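Only heavy atoms go into these numbers, but all of them, side chains included; no hydrogens, no water, no symmetry mates. All residue numbers refer to positions in the sequence shown, counting from 1. Only a predicted model underlies this, so the values are computations on that prediction, with no experimental measurement involved.
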Amino acid sequence: MDGLNLQMTIHPFCDRYGLATVPVEVKDLLNYTSIDPMVQRKLSGGQRRKIANYLQERELDRVFFGPVTLSLRDVSSLAKTEEGLFLRPGSKLSILDGQHRILALGYVNEQMLKESRSLERKVAAMKVKVRRSPEDTELAAELELLEGQVEQLERRRLELMESELAVQIYIGLSEEEEKQLFGDINSKVQLVSKELGHSFDSIDPLNLVIQQAVDHNVFLKGAGVERRANLTAYNKNFTSFSWLYSTATMLFTGKMQPSYELARRIKQDPSQYIEILHQFYSALIPLMPEQPGLPQYSSSARAMQESIALYAHRYLFTDGKYTKNWTSCLSIFEGFDWTHENELLVERFGVLDNGKLNLIHEKSLRKHGKLVQLFQELKGEPVTEDEADEASA
């Protein structure tokens with residue numbers, strides 16, 4: 001029979017409903033689930049991207065997410081055969097918990113398909129070159145490498161789609177009961193601090209780079225790194241693991257979000273990126289106040305730290321290659337006025353009611369662009385505001 005074969009046993013639940021737990025392959029979840037906007041909260045594109053990045057950066061072949069909760073309102077959508085219960089073709093299971101996980105898996109599948117098709121086009125073009133120059137061993141080796149990449153990528157994609165997630169299915173709930181269950185599930189969620197995640201997660205290669213710098217860089221140790229909580233105005237530490245993560249990302253890529261390509265490069269040569277981060281803080285922190293994390297200094301602002309990294313990125317690589325003595329760009333901070341009375345900063349950002357510079361962190365990175373523009377002017381290489389905004393985009 002066509003449809004989704006659910007090898008499950010339905011147990012009575014509250015005398016009125018049914019409840020079953022069953023493993024379901026990712027590809028079937030993508031084909032047989034739907035989102036009811038009357039029951040679910042609005043989809044968060046950021047949350048979906050975070051999960052998708054997690055899957056892509058780690059190059060996972062299989063996933064072990066927590067159970068997904070689904071609902072089947074219409075019992076007649078199930079058909080019983082000798083082979084078990086089948087969800088009839090065209091029927092859908094409503095997602096109560098796990099929409100971002102499921103959509104992220106679908107997104108990763110699409111991205112891997114795009115990457116695979118791009119590689120296949122390169123393979124086709126390379127085959128033409130090999131036919132024209134059959135004696136060229138370098139072309140033949142490059143073709144073999146490309147074909148191996150296509151095979152590896154497609155194998156990873158298929159294994160990911162064939163992974164099984166634990167699924168809990170409620171049967172016979174009304175729309176109102178689904179809303180109540182959704183609320184009950186999500187009202188007990190307790191988030192884990194980002195600092196703990198970055199401090200102990202050794203799967204993400206960028207976290208490994210940060211952990212090495214925190215453990216061994218004497219200047220970072222002296223300035224103070226918050227490991228367990230978010231930084232507040234009462235915390236004297238210079239930075240935190242989540243701030244280090246975003247600052248390192250901007251230093252390495254010039255972008256706000258870490259990329260799949262960055263993770264690959266770090267995996268290939270982690271020592272290079274550890275050394276770059278050491279060089280950055282070893283050159284920068286001595287040019288800051290003795291306690292750069294104190295709130296009376298602009299050096300304690302996240303926007304300031306990230307903007308310096310964005311500015312330094314412009315000198316770190318030249319045509320994709322590492323530049324020696326790139327830290328010389330940080331010499332502009334010799335004698336820099338880190339107080340909140342700095343006239344150049346007051347002119348650009350204004351002052352809050354408490355007398356401090358308006359360097360409150362914004363996701364738009366508009367302030368980052370203004371700071372990068374200022375640093376370039378101090379370096380004697382002024383840029384337009386549009387160029388500065390582009391650098392922080």
Side-chain angles (χ1 to χ4, degrees), residues 26 29-30 33 35 37 40-69 95-115 156-157 160-161 163 165-166 182 185-211 226-231 239-267 273 302 306 309-310 361-365 368 392-393:
V26 170
L29 283 173
L30 296 175
T33 58
I35 297 171
Q40 272 284 2
R41 59 189 161 192
K42 186 178 178 181
L43 177 68
S44 167
Q47 180 67 6
R48 187 203 67 178
R49 282 194 299 273
K50 284 181 183 177
I51 299 173
N53 287 341
Y54 169 85
L55 292 167
Q56 290 174 309
E57 288 168 2
R58 288 154 181 77
E59 299 186 353
L60 297 176
D61 299 325
R62 297 195 174 273
V63 290
F64 298 97
F65 287 146
V68 171
T69 305
I95 302 172
L96 299 185
D97 185 51
Q99 65 167 343
H100 292 99
R101 280 168 278 170
I102 293 172
L103 291 174
L105 286 162
Y107 175 78
V108 170
N109 180 52
E110 291 172 4
Q111 293 301 109
M112 293 176 79
L113 276 172
K114 287 180 182 178
E115 188 176 351
R156 275 187 55 223
R157 188 187 72 81
L160 191 63
M161 289 299 100
S163 293
L165 296 189
F182 173 79
I185 291 170
N186 289 278
S187 64
K188 303 297 182 182
V189 173
Q190 184 174 2
L191 299 178
V192 176
S193 165
K194 280 186 177 181
E195 312 310 322
L196 287 174
H198 292 307
S199 179
F200 295 106
D201 176 15
S202 59
I203 299 175
D204 186 336
L206 184 53
N207 279 335
L208 281 173
V209 171
I210 293 168
Q211 289 162 16
E226 177 56 54
R227 292 174 177 266
R228 295 188 172 273
N230 293 326
L231 281 175
T239 187
S240 67
F241 269 88
S242 59
W243 289 20
L244 283 168
Y245 192 90
S246 59
T247 301
T249 298
M250 293 181 185
L251 176 64
F252 296 150
T253 68
K255 303 293 182 182
M256 185 172 69
Q257 295 291 343
S259 64
Y260 185 39
E261 180 59 30
L262 173 62
R264 281 185 170 178
R265 292 203 308 266
I266 293 176
K267 284 180 180 179
Y273 289 90
R302 178 178 178 178
E306 292 177 349
L310 275 175
H361 191 268
E362 296 176 350
K363 289 185 177 179
S364 66
L365 302 189
H368 294 64
S392 61

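Shown here are the side-chain contact (heavy atoms from CB on, under 4.5 Å) partners of Q111, two or more places apart in sequence or in another chain: Q56, Y107, K114. L251 pairs by the side-chain contact (heavy atoms from CB on, under 4.5 Å) definition with I276, L277, F280, A309, A312, L316, W326, not counting sequence neighbours. Scanning for side-chain hydrogen bond (donor to acceptor under 3.5 Å, both in side chains) contacts around R49 gives an empty result, with sequence neighbours left out. For T249, the side-chain contact (heavy atoms from CB on, under 4.5 Å) partners are L206, Y245, T253, P258, not counting sequence neighbours.
A salt bridge (Lys or Arg N to Asp or Glu O under 4.0 Å) check over residues 100-110, counting only residues at least two apart or in different chains, returns the pairs D97-R101.
Taking NZ of K255 as the start and OG of S246 as the end, the distance is 16.0 Å to the nearest 0.5 Å. Rounded to the nearest 0.5 Å, atoms CG (L244) and CD (E226) are 11.5 Å apart. To the nearest 0.5 Å, atoms CE (M256) and CG (L365) are separated by 5.0 Å. Separation of atoms CG (L165) and CG (L29) is listed at 5.5 Å; rounding is to 0.5 Å.
I266 has its side chain within reach of V209: a pair of non-hydrogen atoms, C-beta onward, lies under 4.5 Å apart. The side-chain heavy atoms of V68 and Q99, taken from C-beta on, include no pair separated by under 4.5 Å. Using a 4.5 Å cut-off on side-chain heavy atoms (C-beta onward), P205 and R264 make no contact. Between F241 and N207, every side-chain heavy-atom pair lies at or beyond the 4.5 Å cut-off. R302 has its side chain out of reach of T247: every pair of non-hydrogen atoms, C-beta onward, lies at least 4.5 Å apart. Side-chain contact between L103 and I35: present, with at least one pair of heavy atoms (C-beta onward) separated by less than 4.5 Å.
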Exercise. Please step through side chain to side chain donor-acceptor pair (under 3.5 Å) for the pair E362 and H368, ending with a clear verdict.
Key: CA-CA 9 Å; E362 296 176 350; H368 294 64; over 6 Å; no
Quiz prompt | M112 and L160: CA distance, side-chain angles, deciding distance, side chain to side chain contact (heavy atoms under 4.5 Å, CB included) verdict | solution = CA-CA 10 Å; M112 293 176 79; L160 191 63; 4.3 Å; yes
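Closest non-hydrogen pair, F252 versus Y273, comes out as CZ-O, 3.5 Å. Annotation for I102 and L30: closest pair O-CD2, 3.4 Å, computed over non-hydrogen atoms.
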